[in-house]
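First comes the structure, then the notes that go with it.
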Amino acid sequence: MPTIHANDLEIAYDVVGSGPPLVLLHGASTTGRAMFAGQLPALAEAFEVYLPDARGHGATRWDAADGFEAAWLVDDLEGFVDALGLETPHLAGYSMGAMTALGFAARAPGRVRTLIAAGITTAREPRASVGLRLMDPARILRDDPAWAAEMDRTIDRAQGPGAWRRLLPAIAADIAVQPLLTPAELRAITAPTLIACGDHDPLVPVGQAWELSRQVRRGSLFVAPDSGHDVLTRRPALALEAMRGFYRSTEAIAVARADRPSEVRP
């Protein structure tokens with residue numbers, strides 16, 4: 001797996017496919033290849049897909065004992081796309097990665113061709129309380145040993161023993177205090193945006209997802225039936241079809257934004 005120096009990190013990433021650049025941002029405790037496994041082969045037929053490992057995940061080394069903040073992930077993404085010369089990529093993120101994508105799109109609206117944000121809301125609750133419970137290492141070891149074993153392989157193998165037990169509480173603690181995007185910042189997002197969630201997501205109620213889709217300038221909403229927070233993995237084919245439909249419907253706008261990033265207007 002290649003790495004690139006950005007924002008004082010050696011960011012590990014995969015790249016597959018050919019076409020316009022698409023950066024896929026995974027959620028907490030996983031990797032891009034695992035998170036987007038149901039969509040990646042098809043997306044790679046239409047895009048050059050970049051899958052960076054977030055700090056503390058995969059092969060991007062970071063010890064959460066030194067802190068963990070959502071704002072740092074936006075800085076990391078900015079450094080990553082700058083280092084690779086990706087002036088106006090498409091962005092798609094899930095959960096933690098979706099918050100990163102929203103933050104970057106609010107910071108640099110003209111640099112994003114299109115945006116997909118799945119499994120995220122900019123409201124504090126219920127994300128903070130549910131996240132605190134779900135990401136408690138003691139609960140995971142007691143009630144979900146399969147997940148613990150998976151993180152031993154996918155996180156601790158590269159990050160060192162005990163890494164995920166430090167990482168998950170740090171992420172949960174940050175959710176409780178991280179600055180929330182304001183209505184004005186969300187309104188500044190000018191890229192066509194698809195907000196996606198499951199109809200039974202305990203972290204992202206459908207009403208909050210709908211509200212987010214109305215706060216950005218060019219928002220639409222996809223709600224996956226019979227799905228919780230795992231909207232991309234529970235119904236992978238349906239999620240892929242929603243993504244394909246979104247990219248087809250926004251192709252002309254995306255081309256215009258790529259050709260004239262400095263001239264993009266609301």
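Only this structure's heavy atoms are used, side chains among them; waters, hydrogens and symmetry mates stay out. All values derive from a computational prediction rather than experimental measurement.
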- Between His26 and Thr31, is any side-chain donor less than 3.5 angstrom from a side-chain acceptor? no
- Message: Phe222: which residues meet the ring-ring contact (aromatic ring centres under 6.0 Å, His included) condition with it, sequence neighbours left out?
- Response: none
- Task: Report the residues that fulfil ring-ring contact (aromatic ring centres under 6.0 Å, His included) with Tyr50, sequence neighbours left out, ordered by chain and then residue number.
- Result: none
- Query: Ignoring hydrogens and geometry, is there a side-chain-to-backbone donor-acceptor pair from Ser213 to Glu211 under 3.5 Å?
  - Reply: no
- Item | Pairs satisfying salt bridge (Lys or Arg N to Asp or Glu O under 4.0 Å), at least one member in residues 35-60, at least two apart | Arg55-Asp76
- Message: I'd like to know if the side chain of Glu125 reaches the main chain of Ser129, judged simply by a donor and an acceptor atom lying under 3.5 Å from each other, with no hydrogens or angles considered.
- Response: yes
- Message: Using the side-chain hydrogen bond (donor to acceptor under 3.5 Å, both in side chains) criterion, which residues pair with Trp62? Sequence neighbours excluded.
- Response: none
- Query: Around atom CZ of Arg124, are there more than 12 heavy atoms of other residues, nucleotides or ligands at under 6.0 Å?
  - Reply: yes
- Using a strict cut-off of less than 4.0 Å between a Lys/Arg side-chain nitrogen and an Asp/Glu carboxylate oxygen, indicate whether Asp14 and Arg33 qualify as a salt bridge. yes
- Message: Using only atom types and a distance under 3.5 Å, with no angle test, would you say the side chain of Asp75 pairs donor to acceptor with the backbone of Asn7?
- Response: no
- Message: Do Leu40 and Val231 land in one hydrophobic cluster if side-chain heavy atoms of ILVMFWY residues count as linked below 4.5 Å?
- Response: yes
- Task: Could you tell me which residues satisfy side-chain contact (heavy atoms from CB on, under 4.5 Å) with Ala117, sequence neighbours excluded, listed by chain and number?
- Result: Ala98, Leu102, Ile120, Ile195
- Go through the structure and list residues passing side-chain contact (heavy atoms from CB on, under 4.5 Å) with Thr3, not counting sequence neighbours. Glu10, Ala12
- Message: Quick one about Thr190 and Arg217 (side-chain donor to acceptor, distance below 3.5 Å, no hydrogens or angles considered), yes or no?
- Response: no
- Task: Determine, for Asp136 against Arg165, whether the closest basic-nitrogen to carboxylate-oxygen distance falls under 4.0 angstrom.
- Result: no
- Donor-acceptor pair, Arg111 side chain versus Pro89 backbone, under 3.5 Å? no
- Flag for Thr154-Glu150: side-chain donor and acceptor within less than 3.5 Å: no
Pairs under 3.5 angstrom only: tabulate donor-acceptor contacts from the side chains of residues 66-73 to other protein residues two or more places apart or in another chain.
residue: Glu69; atom: OE1; partner: Trp72; partner atom: NE1; Å: 3.4

- Would Met35 and Trp147 show up in the same hydrophobic cluster when neighbours are defined by side-chain heavy atoms closer than 4.5 Å? no
- Applying salt bridge (Lys or Arg N to Asp or Glu O under 4.0 Å) to Asp63 and not counting sequence neighbours gives Arg166
- Not counting sequence neighbours, list each pair that qualifies as a salt bridge (Lys or Arg N to Asp or Glu O under 4.0 Å) and has a residue in residues 176-197. none
- Query: Is His200 reaching over with its side chain to a backbone N or O of Gly228, donor-acceptor style, under 3.5 angstrom?
  - Reply: no
- Message: If only side-chain N and O atoms count, and only distance matters, is there a donor-acceptor pair under 3.5 Å linking Arg244 with Gln39?
- Response: no
- Query: Linking Ile, Leu, Val, Met, Phe, Trp and Tyr by side-chain heavy atoms under 4.5 Å, what else ends up with Leu134?
  - Reply: Val130, Leu203, Val204
- Taking atom types as modelled, find out whether Ser95 and His229 have a side-chain donor-acceptor pair closer than 3.5 angstrom. yes
- Applying ring-ring contact (aromatic ring centres under 6.0 Å, His included), name anything that partners Phe80, two or more places apart in sequence or on another chain. Tyr13
- Item | salt bridge (Lys or Arg N to Asp or Glu O under 4.0 Å) partners of Glu241, counting only residues at least two apart | Arg248
- Going by an N to O cut-off under 4.0 Å, is there a salt bridge joining Arg235 and Asp230? no
